[in-house]
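Notes for the one structure printed next.
Start at 1 with the first residue, then count along the sequence. Both ligands and their constituent atoms are indexed starting at 1 by order of listing.
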Amino acid sequence: MSETVMNERKKRALSMIQPSGIPTLGNYLGALRNWVDLQDELDCFFAVADLHAITVRQEPAKLRQQIYQTFALLLAIGLDPEKSLVFVQSQVPAHTELAWLLACNTQFGELSRMTQFKDKSAKHADNINLGLFAYPTLMAADILLYQPEYVPVGADQKQHCELARDLATRFNNTYGNTFVMPDPYIMKTGARVRSLQEPTKKMSKSDENQNSFISMLDDKDTVIRKFKRAVTDSEACVRYAEGKDGINNLMEIYSAVTGKSLADIEQEFSGRGYGDFKLAVGESVAETLAPIQAKLTELMGDKAQLEAMMKESAGHAQYVAARTLSKARKRLGYLNL
Ligand code: TRP
């Protein structure tokens, strides 16, 4: 390849999502939707992180269903297999192999410091397994295998990305240049969607209060009902201001789904009550989700087709991953026979 052609290689991005339940509106507006936009700028790799899922106990039949569903959801939101590589992690064995090579270059202390490990081991005290502890080395392998410049993630994954960078640096310095240094790519445009019931907290699908989050699969009536019950304040004025966390959250959601500015929204609802506003937010969110849900249902209706797509993308992913893996193996002293 000539130098000019090489310089024209699009920068690469990689991100993954665990197949653990249906993502929320917050996951969609804060992260997933932005992946769709990245496709045109960058050479994108997106995957279902199903190996990560078993760091906490999973019911096999349910896990299988969620792998199909999460893969289908990535396609349903508009990730386009013609533009991006959308694949399933467990179909690419190189992830587990590189994870071992990296694990032997990761310190106990580094993994002990991970806040997610501390949180999850407190939450699952009866199952603090080696995989839960080693999870960041698997994630580092996910990333480094594909040599991406960018890793679009939420703030909660920043610490894991930092570790991936540390491991890449250490490996490159110790054994010779092998891995591209990935930068976490914290989305500027992503909305920070908060709980509808406690608007100072992040919207979370593991919240016990079902009314606090919108699932991407909630139907129109459910969406409207949940917004109707959203916590607001007693001012009865739709304006974005400090101390109005509930209304600010609804305004940000409405802005994210309609593209209207906060100022336009204030104007649109000036002199109108919260009831009107909540209904408008609910309707526009339902309208945003409806085509995704329809597409998901269609895709889930043909498992054979989904499997064919998974198989095809896994082949491409294996090809890219194998190049990095064989380089890393060689650097470490292994034979590639
Ligand atoms: N750990 C991430 C999460 O729970 C998912 C993930 C796995 C990931 N491997 C990754 C994200 C690689 C970015 C890059 O959200």
- Item | Val153 vs Ser15 side-chain heavy atoms within contact, under 4.5 Å | yes
- Could Arg194 and Asp245 be called an ion pair, given the rule that one side-chain N must be under 4.0 Å from one carboxylate O? no
- Got a second to check how far Gln69's CD is from Leu296's CG, nearest 0.5 Å? 6.0 Å
- Taking C-beta and beyond as the side chain, do Tyr135 and Phe117 meet within less than 4.5 Å on heavy atoms? no
- Query: Against heavy atoms of His52, which atoms of ligand 1 measure under 4.0 Å?
  - Reply: 7 (C), 9 (N)
- Report the part of Val151 (side chain from C-beta onward, or backbone N, CA, C, O) that has a heavy atom under 4.0 Å from ligand 1; answer both or neither where that applies. side chain
- Message: Using a 6.0 Å distance limit plus a 45 degree cone around the ring axis, check whether Lys303 lies over the aromatic ring of Tyr68.
- Response: yes
- Message: Just to be sure I read this right, does ligand 1 sit under 4.0 Å from the backbone of Asp156, its side chain, both, or neither, counting only heavy atoms?
- Response: neither
- Message: Heavy atoms only, cut-off 4.0 Å: how does Gln18 contact ligand 1, side chain, backbone, both, or neither?
- Response: side chain
- Got an N/O contact under 3.5 Å between Gln157 and ligand 1? yes
- Note on the structure: Closest heavy-atom approach to atom 14 (C) of ligand 1 among Asp142, Leu14, Leu144 is made by Leu14
- Note on the structure: For Ala49, the ligand 1 atoms with a heavy-atom partner under 4.0 Å come out as 7 (C)
- Task: Check Ile17 against ligand 1 and report side chain, backbone, both or neither, counting heavy atoms closer than 4.0 Å.
- Result: neither
- Message: For ligand 1 and His160, I'd like to know whether there is a polar contact (N/O to N/O, distance under 3.5 Å).
- Response: no
- Message: Between His95 and Tyr146 (judged by ring centroids, cut-off 6.0 Å), do the two rings come close enough to count as a pair?
- Response: yes
- Query: What is the closest protein heavy atom to atom 6 (C) of ligand 1, and at what distance does it sit?
  - Reply: Met16 CB, 3.7 Å
- Task: May I ask you to test the Lys244-Tyr240 pair for a side-chain heavy-atom distance under 4.5 Å?
- Result: no
- Is Lys11 positioned over the aromatic face of Tyr150, cation under 6.0 angstrom from the ring centre and no more than 45 degrees off axis? no
- Task: Provide, to 0.1 Å, the distance between atom 4 (O) of ligand 1 and the closest protein heavy atom, together with that atom's residue and name.
- Result: Tyr135 OH, 2.9 Å
